[in-house]
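A quick write-up on the structure given underneath.
Chain letters run A, B, ... following the sequence lines, proteins first and then strands; every chain starts at 1.
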Amino acid sequence: MLDIRLLRADPDSAKAALRRRGPAEPAKVDRLLELDARWRELIAAAEECRAEQNRASKALRGAPTAEQRSELAALSARAKELTEQEATVRVEREAVLLSLENLPAADAADADTVIATVGSTQQRGRDHLDLAGPRIDMERGARLSGSRFAYLRGELVLLELALIRYAFTTLVGHGFEPVSPPVLVREEALIGTGMLPDTEQQLYKVPEDDLYLVGTSEVALASLHRDEILDLTDLPRRYAGLSSCFRREAGAAGRDTRGIFRVHQFDKVEMFSFVEPSRSVQEHERILGIEEQICRDLGFSYRVVNIAVNDLGASAAKKYDIEVWLPGQGQYRELTSCSNTTDFQARRLDARYRAAEGKPAHVHTLNGTAVTSSRTIVALLETGQQEDGSVVIPEVLVASGAPAVLDAAV
RNA sequence: GGAGGGGUGGCAGAGCGGUUGAAUGCACCGGUCUUGAAAACCGGCAUGGGUGUGAGCCCAUCGCGGGUUCGAAUCCCGCCCCCUCCGCCA
């Protein structure tokens, strides 16, 4: 959610920033300010009426006379009417405010821009499904749950556990507190993170209980400090969440149908930071740095992409993706992603901190992927593959309990 | 799932239809006193919104949303959450 005060004070800058997201966006600002102006008139009138009512009510002691009573009743009725009008406009105003996407950062890219490349793109080979063989069981996964569901089996499960273990060891070293959150959440949590109304079609719903399955633990982690005011000394707060993630992949039919590159359910370790506003830019770089470190630890060739403004999603002001070189596909593919959502989520969640001076202010929030049981494993298989079809596993994972080598599939 | 009890300021805890945004205590921040500290005493100490250059003024908020009433923290209804007991269960 954007800061209405900012929009009032300088609508043109906001409109210019939003225009980068799409031609229709700036008009929403005008619409909002129009509603806001009307709302302010109505709230002032309603409050004045209530003030009058309060004055009259306080002036008397005990029960009013019949005459007083009818005067008070008239005031009360008028206040109620004005409040109803005010509420109608307020609801509309809030809906528009909620529909506005975050202002892109000045240095968010106009078009996807590669800002760093590490490793080579020479490697070619088999794809992850070939290499995994029966250790990725798509057929039975589909029989159980439908397409895009897979069983991981045997050594791949140990590999996943090692990957998670390695990720937590790394992140704890960087000051992140491990969290294992609920994955079924209320609608508010999704509105709070900007997933709703933005990515509705991507979410699984459980209407019977009015809950949603999260698409990422970002949702649960962001809500950790919902409606809270943190002390300045509490910041930064960094969390590493482990959770299953659920995505409907509606509209992706036919895309990436082979293997576990794009599945409806996977596990992920996610980073999430709450920071002072002045620190979010450097925190974003820090999170990107950790993602890069993980890629290097795992022996990946990758590149870092500054994501185009029109591809940011509602809540991000700026986003980096890391694309990993997949020898089986002969191309770079998205592996991780990290976003600076500035105060956009914090405002929706009402997550604040108490600055040294002045009023509580909204924090900034950021998120980034550490590892996943889908794409990270795909990359490990394809990158570590040998001539004979066996796969060498990186030392850091072996140290966390992974097999040193996965035998060639039979 | 069934039966009870309960949600009040950072915490504890009064109030249960009329200057109650809310007693009191603790915590916290100033000040007096003290060589310093403690104690004692004095003062301050919620959040959001509207309005104003500003001091300020006004409105709202006692889990959330409705309702009754001239007036609700207090009465009624719905929802959420917590606790106790029973049942069920990984």
Whole Å only: how far is the [atom1] atom of [X] from the [atom2] atom of [N]?
| X | N | atom1 | atom2 | value |
| --- | --- | --- | --- | --- |
| A/R69 | B/G18 | CZ | C1' | 12 Å |
| A/L82 | B/C59 | CG | C1' | 13 Å |
| A/D227 | B/G7 | CG | C1' | 16 Å |
| A/D210 | B/C80 | CG | P | 9 Å |
| A/E228 | B/C11 | CD | P | 11 Å |
| A/Q85 | B/G50 | CD | C1' | 17 Å |

Check this one for me: any side-chain N or O of A/R50 less than 4.0 Å away from OP1 or OP2 of B/C58? no
(request) Examine B/A60: is either OP1 or OP2 under 4.0 Å from a nitrogen or oxygen in the side chain of A/N54? Give yes or no. (result) yes
When you measure from the side chain of A/T199 to the backbone of A/M195, do you find a donor-acceptor pair of N or O atoms at a distance under 3.5 Å?
yes
dist A/L6:CG -> A/D343:CG (nearest 0.5 Å) comes out at 8.5 Å
Does [X] come within less than 4.0 Å of [Y], counting only side-chain N to carboxylate O?
| X | Y | value |
| --- | --- | --- |
| A/D130 | A/R258 | yes |
| A/R153 | A/E160 | no |
| A/K15 | A/D30 | yes |
| A/E25 | A/K28 | yes |
| A/R90 | A/E86 | yes |

The complete set of salt bridge (charged side-chain N to carboxylate O under 4.0 Å, His left out) pairs with one or both residues in residues 243-256 of chain A, sequence neighbours excluded, reads A/E249-A/R262, A/D256-A/R262, A/D256-A/R333
Applied to residues 190-204 of chain A, the salt bridge (charged side-chain N to carboxylate O under 4.0 Å, His left out) test, sequence neighbours excluded, yields A/E200-A/K205
Please state the [atom1] separation for the pair [N] and [M] - nearest whole angstrom.
| N | M | atom1 | answer |
| --- | --- | --- | --- |
| B/U8 | B/A73 | P | 16 Å |
| B/C29 | B/A38 | P | 10 Å |
| B/G67 | B/G31 | C1' | 50 Å |
| B/U74 | B/G65 | P | 13 Å |
| B/G15 | B/G9 | P | 16 Å |
| B/G52 | B/A46 | P | 25 Å |
| B/G21 | B/G71 | P | 15 Å |

Which atom pairs link the protein and nucleotides 71-79 of chain B when you take only N or O atoms and keep those under 3.5 Å?
from, atom 1, to, atom 2, distance (Å)
B/G71, OP1, A/S76, OG, 2.9

Taking Watson-Crick and G-U wobble contacts under 3.5 angstrom, with | marking pairs to another strand and [ ] crossing pairs, the secondary structure of RNA chain B is written ((((((((.[[[..)..(.....]]].(((((.......))))).((((((....)))))).[[[[[..)....]]]]])))))))....
Within 45° cone and under 6.0 Å: A/R186 NZ/CZ vs A/Y212 ring: no
- A/H225 and A/Y239 aromatic ring geometry - parallel, tilted or perpendicular at 30°/60° bounds: tilted
**Asked** Hey, what's the ring geometry for A/Y204 with A/F246, parallel, tilted or perpendicular (30° and 60° as the breaks)?
**Response** perpendicular
message: Checking A/E334 against A/R375 for the side chain to side chain contact (heavy atoms under 4.5 Å, CB included) test, could you report, in this order, the C-alpha distance in whole Å, the side-chain angles of both residues, the deciding distance, and whether it holds?
response: CA-CA 8 Å; A/E334 179 183 343; A/R375 295 190 184 180; 3.8 Å; yes
Comparing A/E52 with A/S70, nearest RNA chain B nucleotide closer to 5' gives the residue A/E52
Heteroatom pairs (N/O) under 3.5 angstrom, protein to nucleotides 61-68 of chain B:
none

Query raised in the report: Regarding A/S217 and A/K268, is there a side-chain donor-to-acceptor distance under 3.5 Å anywhere?
Result: no
Under 3.5 Å, N/O pairs linking protein and nucleotides 47-49 of chain B:
from, atom 1, to, atom 2, distance (Å)
B/U47, OP1, A/R354, NH1, 2.8
B/U47, O3', A/R352, NH1, 2.9
B/G48, OP1, A/R352, NH1, 2.7
B/G49, N2, A/E47, OE1, 3.1

